[in-house]
Structures are given as structure tokens and as C-alpha cells.
Protein chains: 2
Amino acid sequence: MTYDPTVYPQFAVTVDLVALTLRNGALSVLLVERGEEPFRGTRALPGGFVRPDESAADAASRELSEETGLSIFPGYVEQLGTYSEPDRDPRMRVVSIAYVAFAPDLPEPVAGTDAAAASWMSVDDVRDLGFDHDTILADAIERVRSKLEYTTLATNFVTDPFTIRDLQCVYETVWGTTLDRANFRRKVLGTTGFVEPVDGVTTATGRRGRNAQVYRPGRAESLHPPILRAPM
Amino acid sequence: MTYDPTVYPQFAVTVDLVALTLRNGALSVLLVERGEEPFRGTRALPGGFVRPDESAADAASRELSEETGLSIFPGYVEQLGTYSEPDRDPRMRVVSIAYVAFAPDLPEPVAGTDAAAASWMSVDDVRDLGFDHDTILADAIERVRSKLEYTTLATNFVTDPFTIRDLQCVYETVWGTTLDRANFRRKVLGTTGFVEPVDGVTTATGRRGRNAQVYRPGRAESLHPPILRAPM
DNA sequence: CCAAAAGTGTTAGCCGTACACCCATGT
DNA sequence: ACATGGGTGTACGGCTAACACTTTTGG
């Protein structure tokens, strides 16, 4: 035992953000192009250092606002996991706490702000991110896919008055499958607290076809029974 | 923007361990009694600093071996989450990565080693741990309860040749419920890859009643369909 | 009228639940 | 013989999957 624990080692601690949304019918992630070494010119997940007086969750929320250019980020954020391989950053020892954010379709980041370098990209087109961010992104995608099964997470991908069909599109896009319309409707409406109807019809304009009832998110957070995707 | 990101702040990084096992028919956790401030004399989760050249997962495995006094820890370890509130350690800024370990019943930690101060305690009897360890333990218990539903985690709580009944006891103990014996058996055997039969009967000695077929863990890691506990 | 989308009905099969029953073993 | 625990059978209710049908709206 040659290790002296009274002198504890020092680490830099960062947050990395996997902000997910649905854009153009594809699950999309917010990426930045790095302006400095290492990995200058390659894409990476947004993120930054945790400050001495804030929690990692606070740092994640702060960075999300800065990177999207929105004063308050309108989605749901949860911790994904922590990545701590000694060589994951070539400069120094960095431990990074990754967060996943789920948001409805957001405006394109505005030039002239911190968010200028940020842009949305379909997760199917993402390859060769800097650091270990390919791994982090893969973990985040697996997280969102499985959380759709047994939580009401899907409501975080649509804006407040939404239709059952909107919800179905979330499931179909994230899972890459198709679902039976009638059965999906019954399943959602049969789960108390998943959605609540708003007493007014919608989308009377522009579209063909009958107008749809609109809903808001309900109070439930977990689904009993779950909505299972096909066993593969 | 008065923050200078070129001078990144320094943190201490630790791992905290929630080692769970089944002892005397109760879900039990490994605890240590702290020998120094802060929280001297109170119980806490085992853990320690991450060293400069190891990942957090390596640190978790190393600490588990040291605290249990076993050269190799015979269970399954996974990351639980990271706890980073600025005031969670009164001495300094510490970010702690928590791990959960699931193990079959292990021998009592041996005196005269690092593990001397460690002991198993039923989670129902645990209160007032130091730091934020009550929160971490609660998160770990919720994790194990939900992972029983949709993964083969239960096999990590029993030693290699086990019976279906042994598995059922894991579920009943962790969930605090009772399950129908016949239906549980069919569910387990009907899930391909959950368990594999060993061609020999068992426990011919000591017990009353018919001898039970013994099984080993299968290759599957996830359960389709899941074994759902009652909706509460 | 036709197309498109929302909403409802219906049926057959599967699965979960509950419980009864038989088999093997030790006292 | 009997108690104890392993293993099997079965019948019923509910849920799911698949698909047909009706209703509403725009072109």
C-alpha cells in the first residue's frame, strides 16, 4: 500500500450535454464544432466546466441555455452517467458528467451568441465526434428508447397542445417502427394520467381530414402497463 | 460574463459503493463506521478517492475488494449516478460517483483488514447515514427493484447452482411481495436465456420435500416480456 | 365525389392470474 | 402416514394485435 490517501488527487469536472429533439421527422442532437484543440474542427457534444459553487445539474441547465440561446431551456433534463477514463481528454484528467435533455422542436441557434457554433443534426448522420462522445450519444439514444416504454417521456418531445397522432410520431421516430393507430390511441387513453384532453378541437386549418382532439401532458410519470416495442 | 473558463476549477473525485446482498432473508447493504471527521462514529457507505491513473469503475472494483476483504469481488457492479451538490462534503468540494454492486451472500468482513469496520445491515434498519448517503442508498434500492423487472439481475444474488425457488425468493425479498410459485416458474423458464438447467438434481440432503432441478445463469441480460411487480 | 385523417368496433389468440392437483422426499 | 416442497394442469378474464368500418374535413 504505497498510496497516500491524505493527499487527494485533483480533477477537472465538466458536464456534457446530449440535447435531443425531433426535427424533420428525425431524432436530432445538438452539436457544436470545436474551435480549439483538441479535436479542433470536429463536432462534439456541447458542455463545459462545472463551477466551484454550482452542482452538476445546475451547470447542465446553464450550459443548455447558453448553447441554445434560450434564456430558459424548455425541456426535461436528467443525468445520464459519468465518464471517467483517464485518457478521455488528452490535455488533462477530466471527469465528465453527461446529461440528457429532451425538448420539443426548438428554433435554430442564433448567430452572434454562444450558440452560434451549435446546430441540430439527425442522430443517424452523426459519426466521429470528439472525445468519447460517440459512446455518450449511443448511451443517450438507448436511454430515450427504453424510457419511452415505461415513462411518459414522450410528452417532452411535443409542444403543449398536441394530438394523439403527435405522440405516436414520437414513438415511431425514436423507435424506427410503425405502430397501429387504433391500438396506440387506446393504450394512451387507457393509461390514467398520461394525457388530459383539452376541451376544444384543433388544427381546423390547412390540413385535410377530420380535426383531432388535443391533449396536454397528464400527471403520471410512469406507465403501467408499459408500451413495449417489438422484442427486436 | 465574469467567469474565466481558462482557469478550470479543481475537484476531489470519489466513488461511493452500495454493495447489496441478501442476508437472512433481507436486502442488506455494506456499511462502514467512520473513524474520522466529518461524521465520526456514524455509518456511511464505503468508498474512497479515485486515483489519478484509474477510471471510476476501476476505483469502485478496487474499493469493493478492499472493503469486503475478498481479493476479487464476486458480483456485478454498475454505475448508479453522480452526486455533486457543492455542500455535500463539509471539508471541500467533492464529486462522488456512486456504484451499485449486486452479490450473493458473502462472508462477514474479516477483522484485521481494511474491511474490519465494515458490516452488513438490512436496508430496512438503515437510517441517518453520513453525507448524502441516505439519498444514494434510496436511489440504489429503487434501481435494483426496477431492474429485477426487465433484466436478469436476480441471478447475481444467488450462487451458481440455484433453484427456481431461490430466484423467486430474490424477487419476493427485494420487492417485499409474494409471487405465485407456478406462474413464476413458467415465466422464468419461458424466457429464453434467463436460466439454463444443469443435468443433475440437487439438495438431496437435509431438506424435506422433493428435490429441485438446479440451474445456472443464462446468456440473456434483458427480459422480454418483463416480470412486472404489482402496480403498487 | 374523393382522399386523407380522426375516431370506433370487432374478433381471435395470447398471456397473466388464481387455484387445484400430483410427485418426491424426509421425519 | 403426513408434512413439506417441487412440478404440472387448467379455466377464466383481460389485454393485444390485426383489421374493418364510420365520421369529419379539404380539395
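By convention in this document, chain letters (A, B, ...) are assigned in the order of the sequence lines, proteins followed by strands, and residues within each chain are numbered from 1.
Of the two residues contacting DNA chain C, namely Gly209(B) and Arg208(A), the nearest-nucleotide position lying further toward the 5' end is that of Arg208(A).
For residues 172-190 of chain A, proximity to DNA chain C is found at Arg181(A), Ala182(A), Arg185(A), Arg186(A), defined as any non-hydrogen atom under 4.0 angstrom from a strand atom. Near DNA chain C, meaning a heavy atom under 4.0 Å away, the residues from residues 157-168 of chain A are Arg165(A).
Taking atom CZ of residue Arg210(A) and atom C1' of nucleotide dT25(D), one finds them 10 Å apart after rounding to whole Å. Between Leu228(A) atom CG and dG16(C) atom P there is a gap of 11 Å when expressed in whole angstrom units.
The one candidate from Leu31(B), Leu27(B), Val18(B) that meets the side-chain contact (heavy atoms from CB on, under 4.5 Å) condition with Val123(B) is Leu27(B). If you run side-chain contact (heavy atoms from CB on, under 4.5 Å) between Phe102(B) and each of Leu20(B), Val77(B), Leu22(B), only Leu20(B) comes through.
At a cut-off of 3.5 Å, with distance as the only test, no side-chain donor of Asp58(A) or Ser61(A) sits close to an acceptor on the other residue.
Applying the ring pair (Phe, Tyr, Trp, His ring centres under 6.0 Å) test to Tyr83(A) and every residue at least two apart in sequence or in another chain returns nothing. A search for salt bridge (charged side-chain N to carboxylate O under 4.0 Å, His left out) contacts involving Glu78(B) returns Arg143(B), Lys147(B), not counting sequence neighbours. By the salt bridge (charged side-chain N to carboxylate O under 4.0 Å, His left out) test, Asp160(A) is found to be paired with no residue, residues two or more places apart in sequence or in another chain being considered.
Ring geometry for Phe131(B) versus His133(B): interplanar angle of 30 to 60°, hence tilted.
Direction change of the helix axis from one end of the helix from dC1(C)-dG27(D) to dT27(C)-dA1(D) to the other is 10°, with five pairs defining each end axis (rounded to 10°).
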